[in-house]
Amino acid sequence: MVRFIICEDNKEFLMKIHNILTKVMMPYNFEYKINEFTEYNKDVHEIINKEGEQKVYILDIELGEISGLEIASEIRENDLESIILFVTNHSECKNDIFYSRLLALDYIPKDKLWPSRFEETMNYIIKTINKKGVLIYNFNRNSYRIPYDNILYIEKVQDVPKCIIRTENGEEFETNMSIMELSEKLGHSFFQCHKSCIVNIEKIKRINYSENTITFLNNETVYLLSNRKKKELREYVANY
C-alpha cells in the first residue's frame, strides 16, 4: 500500500491537492490511502514512525507551530526511503529545501502552473514506486518477496487453486492466491490478458494479435491472450 500524507494549512488548497492526487491514481490498481492534515499533530508523528509502508509526503512550509521543513527533518531522522515534495508559496525556502539534506524530490511553487507540475511529479512518483514494488505473500509456511521487476508473467494452474509466478531468470514460484487477487495486488505495469494469465507490460518484446501470443524479452512466449482482451491490451500498451 502507498500512503500519501498531505500537510497543508489552507483547506481549499488541500482539497485541490487531494482531487489531483485522486485523478492521478485512477489508472493504477494498487491500494493507497490519503491522510490530510492542516497542522502537525500526534497522528502525523505516528505515521512518520510507522514502518512497513511506502509513504509520500506532500508538505507546505507554513503549518503553524511546526513548519514543513521541521516535519521533513523529523522524517529523515530515521527514514531515507519515503518520498518528500514541497508545494508552497515560500520561494525563499527553496535553497533550504535542497541544501539541508532533506532529500526532497521536488519543490513546486503555488503559481498558475502548479496543478500540471504537481500532476506530472505525482505520475513520476507512482511509476517509480511501481518499478521498485515487491510482491509479498506466504505459501506452505514460507514467506516470499518477489520484486515486480523480476516477474515476467503469472499463470493459473489448471484444475488446481494455485498460480505459478515465472521470473526473468527462469525461476518459478507457487502461490495459492487467485488471478483476481494477484491482479488487485500487483502494480500498474501488470495486465490481465486472459482469465488465466497476468503479464508484466515492461517485459514484453512482441505481441502477435493474430496468433494470440505474447513474447517476452527473454524470448519466452505465452499463448494466453484472449480475444476480448486484445483491444484493451492495445490501448493499455499504447498509453503506458
Side-chain angles (χ1 to χ4, degrees), residues 1-134 184-189:
M1 186 187 80
V2 180
R3 185 184 296 274
F4 298 95
I5 304 96
I6 307 172
C7 295
E8 167 61 58
D9 62 344
N10 184 314
K11 292 183 179 179
E12 182 179 350
F13 200 88
L14 188 152
M15 184 54 63
K16 291 178 180 178
I17 292 175
H18 178 105
N19 291 342
I20 295 173
L21 186 53
T22 302
K23 174 188 172 185
V24 168
M25 291 303 297
M26 284 181 65
Y28 298 93
N29 60 359
F30 54 82
E31 185 180 0
Y32 72 96
K33 185 176 181 63
I34 301 175
N35 295 109
E36 302 168 358
F37 303 96
T38 56
E39 62 181 3
Y40 179 89
N41 55 35
K42 64 179 182 63
D43 292 329
V44 178
H45 177 75
E46 288 176 2
I47 289 173
I48 289 173
N49 289 280
K50 184 176 181 179
E51 297 181 353
E53 292 181 336
Q54 172 66 65
K55 289 176 275 191
V56 180
Y57 293 89
I58 302 158
L59 307 176
D60 189 9
I61 297 293
E62 190 172 340
L63 288 166
E65 294 182 3
I66 297 181
S67 73
L69 290 171
E70 291 173 290
I71 293 173
S73 294
E74 181 180 344
I75 294 166
R76 289 301 184 227
E77 284 178 8
N78 298 300
D79 178 3
L80 298 177
E81 297 298 321
S82 290
I83 296 170
I84 300 174
L85 65 147
F86 288 88
V87 184
T88 181
N89 274 324
H90 291 270
S91 58
E92 74 279 3
C93 295
K94 185 174 182 178
N95 287 339
D96 293 332
I97 290 170
F98 288 112
Y99 293 106
S100 56
R101 298 181 181 178
L102 297 177
L103 303 177
L105 176 70
D106 204 356
Y107 162 88
I108 301 174
K110 291 179 180 177
D111 55 22
K112 291 181 180 179
L113 299 177
W114 85 266
S116 59
R117 170 76 177 276
F118 178 70
E119 185 173 338
E120 180 183 328
T121 298
M122 293 311 305
N123 272 305
Y124 170 80
I125 288 171
I126 299 306
K127 286 187 177 182
T128 300
I129 290 172
N130 186 65
K131 284 180 180 292
K132 67 178 184 178
V134 177
E184 293 174 351
K185 198 175 184 70
L186 290 165
H188 182 55
S189 62

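The residues of the chain are indexed from 1 along the displayed sequence.
Ile58 is listed as a side-chain neighbour of Ile17, based on a closest heavy-atom distance under 4.5 Å. Side chains of Phe13 and Val87 form a contact here, defined as non-hydrogen atoms less than 4.5 Å apart. Side-chain contact between Phe37 and Leu59: absent, with no pair of heavy atoms (C-beta onward) separated by less than 4.5 Å. The shortest distance between side-chain heavy atoms of Lys110 and Glu8 falls below 4.5 Å.
Geometrically, Lys33 does not engage Phe4 in a cation-pi contact, judged by NZ or CZ lying under 6.0 Å from the ring centre and within 45° of the ring axis.
Partners of Arg76 by salt bridge (Lys or Arg N to Asp or Glu O under 4.0 Å), not counting sequence neighbours: none found. Partners of Lys23 under the salt bridge (Lys or Arg N to Asp or Glu O under 4.0 Å) rule, at least two apart in sequence or in another chain, are Glu119. Contacts of Lys127 classified as salt bridge (Lys or Arg N to Asp or Glu O under 4.0 Å), with partners at least two apart in sequence or in another chain: none.
Of the options Ile5, Asn35, Ile75, a side-chain contact (heavy atoms from CB on, under 4.5 Å) to Lys55 is made by Ile5 and by none of the others.
Side-chain atoms of Thr121 and Asp106 include a donor-acceptor pair closer than 3.5 Å. For the residue pair Asp79 / Ser82, a side-chain donor-acceptor distance below 3.5 Å is found, with atom types taken as modelled. Counting only N and O atoms by type, the side chains of Tyr40 and Glu74 include a donor and acceptor under 3.5 Å apart.
More than 12 heavy atoms of other residues, nucleotides or ligands lie within 6.0 Å of CD in Glu46, so this atom counts as buried by the packing criterion.
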